Amino acid sequence: MEQVRASITRSIESAIRQLVDSNKLCADVLSNLSNIPLEVPKDPRHGEFASPVALSLAAVARKAPREIASLIVEEMTAAGFGPYVDTVDVAGPGFMNFRLSAKWLVDTVDLIRSMDEEYGQTDYGRGERVLVEFVSANPVGPLNIVNARAAAVGDTLVRLLNASGYRASSEFYVNDAGRQVSTLAESVFAHYMQLKGADYPFPEDGYRGAYVRDIAKQAMEEHDDRLSGMGPDEARDFLREYALSYILDWQKTSLEAYDVHFDRWFSERKLRETGAVESMIREMAEAGYTYEEDGAVWFRSSDYGDDKDRVIVKSDGLYTYVAPDLAYHRDKLGRGFTKLIDILGPDHHGYEGRMQAGLQAFGYPEGTLEVLILQLVTLMRDGEPVKMSKRAGEFITMDDLLEEVPKDAARYFFIMRNTSSHLDFDLNLAKAQTTDNPVWYIQYAHARCCSIFRQAEAERIQPEAWERADLSVLGHASETDLVRKMASLPDEVLAAACERAPSRIAKYALELAGLFHSFYTECRVISDDEAMSLARLALVDAARTVLRNVLRVIGVSAPERM
RNA sequence: GCGCCUGUAGCUCAGGGGAUAGAGCAACGGACUUCUAAUCCGUGGGCCGCAGGUUCGAUUCCUGCCAGGCGCGCCA
């Protein structure tokens, strides 16, 4: 049943071979047969499937596309279409439009119901291990709005990949070894000293958010006995560790509230402690990938596609982020992942060239690392952008956002645009409990399905009756439109995963809900016509499954009543 | 100056060599003796930023230009 697609492309291919054998098409076309295009037309009047193959063969075959299409259709008609194809037409400039049979419709509904929560999944990825790294915010403050977008996109991408047969894991890289953490420690220490009444200056580049003071205050309340007995360096170290774990717990809590769970939080400091960075730099030097200049060690990244060489060890002996990050990527590959996806903010686009150059130098095949750059988010309130100033410490955190907007709406809004596009996040709309809000619209479709079953139960219609219903009575246009959409869930999930485009599945969910609402209006489910009622209950059962599955993959809840 | 992203309906955006370029919102007109009207149906609305190029065919690919956003450190 799932093989309808494959069986159509196979029969197109054999028809073309037949035409070549009988000299109706020249043999040159055979070289173009590796990938027969078969698409789902945007316009349902063009059938369930359409193939533009005749258009693409026209040049090599030196024949008009419509003529080629007619020949193929003739040949396919002679061979027979099988149980799922009803008719094939030549249309437009030379498309072949395939209309599927009533049996296809019935079997689709049955398939969805029997696969239940597994419907939508495929084994396309064949277990390939993919590591998706996202958010990876510095552990020096609360998560911001771009982090929230990254969390929604990354988490959905992991779910999409796992549904498509990949073994995908999520990872958060904790930059707990750099200068920024020292600055945080210094900032907390300054607050601590001030709380103790000392005249201690706040560092010029320190973190000014109110939370820094809160951390100092809480540390003092819990550990003042120990802190008082420490010298300044020891106290700074203690406060650094305290602040780090405080902020990591905070970030974890924010993400869990958002239903984003990381398989692993990977510590940069622990990586450094293994000596992986030193040994990598030594390896690079031995292989001639580096040179010394102005007292610093440079990586010849421009030999591997970067626009200039990069410092990896500064003249003061400390690493730039490039060295540990590269060691980190090698660590990921050493753990058996064959594909790495990094989701980064818009200010990191220069980063990709460096990492790609490093991995290329170490001999990893091209395409091992994919970098997805998310564009900016502008929060809109009452049609006006919400002003944020990082310098003044006035920025809206992920927690602020989730306080204002339900989790389901936030997740949906963050994935509903292409990752490469700037995102205007309309706060009023996300909160709205009206038809304009796409999240409510989709969830309402699911709630409506559930409501129909509550009604069925009230009318004492037994589940056993509709579970065995004869579905051949279905056939209303709004029913076939709905089933056609439901049938494409596996394709849509796979396409969204492969294109790294969660927005695709968000759009699919909205369209599916729209078709369900149309069906609901056009077709009364529970009526005096018992056979029809049972068949439609089976259809609604399948629709409920598809809605629930698509909502699960984007991490949005499927309420039973609203 | 260089790099990345964007430019499609009044607004927010899909689409991505091929059929009459789509959706939601807004505007206008309809539909509830009904399983949730938090819904549905219909109408109007487009030099797909501009100019070249490749092609049988370009809104889609390439080049240049224009406009907007964001970057360009021995910061991460």
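Per chain, numbering begins at 1; letters A, B, ... match sequence-line order. No experiment lies behind these values; they were computed from the predicted model shown.
B/rG22 is paired with B/rC13 under the criterion used here, namely a Watson-Crick or G-U wobble arrangement in which both key atom distances are under 3.5 Å. Summarising the base pairing, B/rA67 is matched to B/rU6 through a Watson-Crick or G-U wobble pair whose two defining distances lie under 3.5 Å.
Taking every side-chain heavy atom of A/A50 into account, B/rA19 is the closest of B/rA19, B/rU39, B/rG69. Nearest nucleotide to the A/Y520 side chain, out of B/rC13, B/rC5, B/rA37: B/rA37. Proximity note for A/N175 (side chain, C-beta onward) versus B/rA76, B/rA38, B/rG18: the nearest is B/rA76. Relative to the side chain of A/S420, the nucleotides B/rC75, B/rG69, B/rU6 differ in distance, and B/rU6 lies closest. Among the nucleotides B/rA76, B/rU12, B/rG68, the one closest to any side-chain atom of A/D424 is B/rU12. For A/R417, the side-chain atoms get nearest to B/rC13 when compared with the rest of B/rC74, B/rG71, B/rC13. The nucleotide whose nearest atom lies closest to any side-chain atom of A/N418 is, among B/rC74, B/rU34, B/rG15, B/rG15. You'll find that the side chain of A/I526 is closest to B/rC35, out of B/rG18, B/rC75, B/rC35. Nearest nucleotide to the side chain of A/S421, out of B/rU6, B/rA76, B/rA19: B/rU6. Here the nucleotide nearest the side chain of A/I452, chosen from B/rC35, B/rC40, B/rC74, is B/rC35.
The shortest distance between the side-chain N/O atoms of A/R448 and the OP1/OP2 oxygens of B/rA37 is below 4.0 Å.
Put simply, the side chain of A/T320 and the base of B/rC74 share no donor and acceptor less than 3.5 Å apart. Side-chain N/O atoms of A/H349 and base N/O atoms of B/rG3 include a donor-acceptor pair closer than 3.5 Å. Applying the 3.5 Å distance criterion, the base of B/rA38 shares no donor-acceptor pair with the side chain of A/D436.
One can place CZ of A/F299 at 16 Å from C1' of B/rC74, the figure rounded to the nearest angstrom. Spacing between atom OH of A/Y441 and atom P of B/rA38 amounts to 13 Å, rounded to whole angstrom units. Atom CZ of A/R272 and atom C1' of B/rA76 are 11 Å apart (whole Å). B/rG24 atom C1' lies 11 Å from atom CD1 of A/I442, rounded to whole Å.
Side-chain contact annotation: A/Y291 with A/D309, donor-acceptor N/O pair under 3.5 Å present.
The side-chain heavy atoms of A/M398 and A/I145, taken from C-beta on, include no pair separated by under 4.5 Å.
Salt bridge A/K485/A/E492: absent, no basic N to carboxylate O contact under 4.0 Å.
In this structure, A/R354 forms no cation-pi arrangement with A/F299, as its terminal cationic atom is not both closer than 6.0 Å to the ring centre and no more than 45° off the ring axis.
Residue A/H46 and nucleotide B/rA19 are classified as a stacked aromatic pair, their ring centres being separated by less than 5.5 Å at an interplanar angle below 30°.
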